[in-house]
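First the proteins, then the strands, lettered A, B, ... as listed; each starts at 1.
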2 protein chains.
Amino acid sequence: MAKRTGGGKRNDRLNCPVHFALEIFGDRWTLLVIRDLMFMGKRHFHEFIESPERIASNVLAARLKKLERQGLISRHRDPDNRKQVIYELTEKGLDLLPTLLEVIRWSGKYDPDTAAPRNFLDRAATDRDGLMRDLTAAAKQRKPVVGGRS
Amino acid sequence: MAKRTGGGKRNDRLNCPVHFALEIFGDRWTLLVIRDLMFMGKRHFHEFIESPERIASNVLAARLKKLERQGLISRHRDPDNRKQVIYELTEKGLDLLPTLLEVIRWSGKYDPDTAAPRNFLDRAATDRDGLMRDLTAAAKQRKPVVGGRS
DNA sequence: TAGTATCACTTGCATTATACAAGCGAAAAA
DNA sequence: TTTTTCGCTTGTATAATGCAAGTGATACTA
């Protein structure tokens, strides 16, 4: 039954895909940052801080660092405003869109007070592929999909 | 900017669907339990304990309690063996299958050492709906989709 | 019927992660 | 030159998790 082989670090070589994913975004905050990048057009530290869930700045810093290390986001200085840093989704991060979509669909179905837009949910049900294409395009141009506030 | 209104508990009424979902399964363990229920045909406490990620029994107990409270799983005594308890996915829990599928697809794509079966990933790409139908049926009969070990 | 095993937990304690408030250094604006 | 803005870091309190052991209910065994 997959006994721990030799040297015995924990978590070595399980390779279950669910476990792999959870190691990257299995916490309360990471997917919210990705949501902000993907749907809200945010890309500055202070913008994530302002999201209504109120992530603590040290936790945000840790998450951004980890996401960059894992290759889901890139980090560079804004050439137009050298004191700002720009965070952006990489292809690998962008590729979480289908996952986010399904999460949103599920919550939209089971949260009676969901803020998920009705037309979004309807289209997810009837035209998943088209919706995904549009959202991918929007995310690449950082067009917020949802109004100014989250 | 959605200032805290009156009494000021945190987290009240944000209703973002991503946030809603994370409140339920935004941690390191919950989705592994759901994976075991959905793909491994597990339904007893000791079976979850034996999964290779080695969840602590107190954490497992807490997660099962929460999942039941949230209506994702049901709990009842095994009529054939009164000392055992049976946990099963409800419709609401089963409905996380598409989310899990996308998570697995993502990890399968980005983890070079993934244990996600190739035919599973291929079919997820070419015949998502059919795969989903089959997996839903299998999960309802608690047929493990993956060999004896996880 | 007494003793043992199984199973689903609980309890206590150490370690780690997160929350919250404050501060800091570099860049830019005044 | 001073003040602001911005992206963090630091310190400390609290909460979550990890680990080992124990408990009570059922059931199996001699």
Side-chain angles (χ1 to χ4, degrees), chain A residues 1 3-4 8-12 14 19 22-33 36-37 41-70 73-88, chain B residues 1 3-4 8-12 14 19 22-33 36-37 41-70 73-88:
Chain A
M1 187 195 278
K3 271 261 189 59
R4 239 168 269 163
K9 275 273 190 45
R10 305 185 61 262
N11 281 340
D12 36 356
L14 297 173
H19 182 244
L22 290 175
E23 291 275 307
I24 295 178
F25 55 79
D27 70 280
R28 239 180 196 50
W29 295 110
T30 302
L31 281 184
L32 293 175
V33 174
D36 283 350
L37 287 161
K42 298 186 178 180
R43 44 184 205 164
H44 301 301
F45 195 93
H46 70 267
E47 292 178 303
F48 303 119
I49 288 288
E50 285 160 7
S51 284
E53 291 85 5
R54 312 267 90 185
I55 189 173
S57 60
N58 54 345
V59 176
L60 174 59
R63 291 299 175 278
L64 290 170
K65 211 165 276 181
K66 182 173 176 186
L67 284 172
E68 194 194 358
R69 215 176 339 109
Q70 301 283 1
I73 63 175
S74 65
R75 190 200 118 107
H76 49 270
R77 293 210 163 263
D78 188 336
D80 300 332
N81 182 348
R82 297 262 315 134
K83 77 181 162 186
Q84 293 203 161
V85 173
I86 290 183
Y87 293 99
E88 282 176 322
Chain B
M1 191 198 275
K3 271 262 190 59
R4 239 166 271 161
K9 275 273 190 45
R10 303 185 63 260
N11 281 341
D12 38 354
L14 298 174
H19 183 244
L22 290 174
E23 291 275 306
I24 295 178
F25 54 80
D27 69 281
R28 240 179 194 48
W29 296 110
T30 302
L31 280 184
L32 293 175
V33 174
D36 283 349
L37 287 160
K42 298 186 179 181
R43 43 183 205 167
H44 301 301
F45 194 94
H46 71 267
E47 293 179 303
F48 303 120
I49 289 287
E50 285 159 9
S51 283
E53 291 87 4
R54 313 266 91 186
I55 188 172
S57 60
N58 54 344
V59 176
L60 174 59
R63 289 300 175 278
L64 290 170
K65 212 164 276 180
K66 182 175 177 185
L67 284 172
E68 194 195 357
R69 216 179 338 110
Q70 301 282 2
I73 64 175
S74 65
R75 191 200 117 107
H76 50 269
R77 292 209 162 263
D78 188 337
D80 299 333
N81 183 348
R82 298 264 312 137
K83 77 181 162 189
Q84 294 203 161
V85 172
I86 290 183
Y87 292 98
E88 282 176 322

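Atom CZ of A/R77 has more than 12 neighbouring heavy atoms from other residues, nucleotides or ligands inside a 6.0 Å radius.
A/R54 places its CZ atom 14 Å from the C1' atom of C/dA21, with the value rounded to the nearest Å. Here D/dT17 presents its C1' atom at 13 Å from CZ of A/R28, a figure rounded to the nearest Å. Atom C1' of nucleotide C/dA8 and atom NZ of B/K65 are separated by 10 Å, given to the nearest angstrom. Nucleotide C/dA8 holds its C1' atom 13 Å from the CD atom of B/E68, rounded to whole Å. B/I49 places its CD1 atom 9 Å from the C1' atom of C/dC9, with the value rounded to the nearest Å. Rounded to an integer number of Å, the gap from CG of A/D78 to C1' of C/dA26 is 15 Å. D/dC8 atom P lies 12 Å from atom CD1 of A/I86, rounded to whole Å. Distance A/R75 CZ to D/dC6 P: 15 Å, rounded to the nearest Å.
When distances run from any side-chain atom of A/N58 to the nucleotides C/dC20, C/dC7, D/dG18, the shortest one goes to C/dC20. With D/dG7, C/dC7, D/dG18 as the choices, the nucleotide that has an atom nearest any side-chain atom of B/V59 turns out to be D/dG18. Taking the side chain of A/V85 as heavy atoms from C-beta on, and the options C/dA8, D/dT9, D/dG7, the nearest nucleotide is D/dG7. The listed nucleotides are C/dA8, C/dA21, D/dC19; the one nearest the side chain of B/H44 is C/dA8.
Taking the nucleotide of DNA chain C with the nearest heavy atom to each of A/S57 and A/D27, the more 5' of the two is matched to A/D27.
Using a 4.5 Å heavy-atom cutoff, the side chains of B/L67 and B/Y87 are not in contact. By the 4.5 Å heavy-atom criterion applied to side chains, B/L32 and B/R63 are not counted as neighbours. A/R28 has its side chain within reach of B/E23: a pair of non-hydrogen atoms, C-beta onward, lies under 4.5 Å apart.
Listed pair A/H46 / D/dG7 meets the phosphate criterion, a side-chain N or O lying under 4.0 Å from OP1 or OP2. Of the side-chain N and O atoms in B/R43, none sit less than 4.0 angstrom from OP1 or OP2 of C/dC7. Note on B/W29: a side-chain N or O is less than 4.0 Å away from OP1 or OP2 of D/dG18.
Within the nucleic acid shown, B/R77 has no heavy atom closer than 4.0 Å to any nucleic acid atom. At the heavy-atom level, B/R63 lies under 4.0 Å from the strands shown only through sugar-phosphate atoms.
For B/H46, the side-chain hydrogen bond (donor to acceptor under 3.5 Å, both in side chains) criterion is met by no residue, not counting sequence neighbours. Qualifying side-chain hydrogen bond (donor to acceptor under 3.5 Å, both in side chains) partners for A/E47, counting only residues two or more places apart in sequence or in other chains: none.
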Filtered N/O pairs between nucleotides 28-30 of chain C and protein, under 3.5 Å:
from   : atom 1 : to    : atom 2 : distance (Å)
C/dA28 : OP1    : A/R82 : N      : 3.2

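Side chains of A/T30 and A/K66: a donor-acceptor N/O pair is absent below 3.5 angstrom, by distance only.
Across B/R75 and B/V85, no two heavy atoms sit closer than the pair CG-CG1, 3.6 Å.
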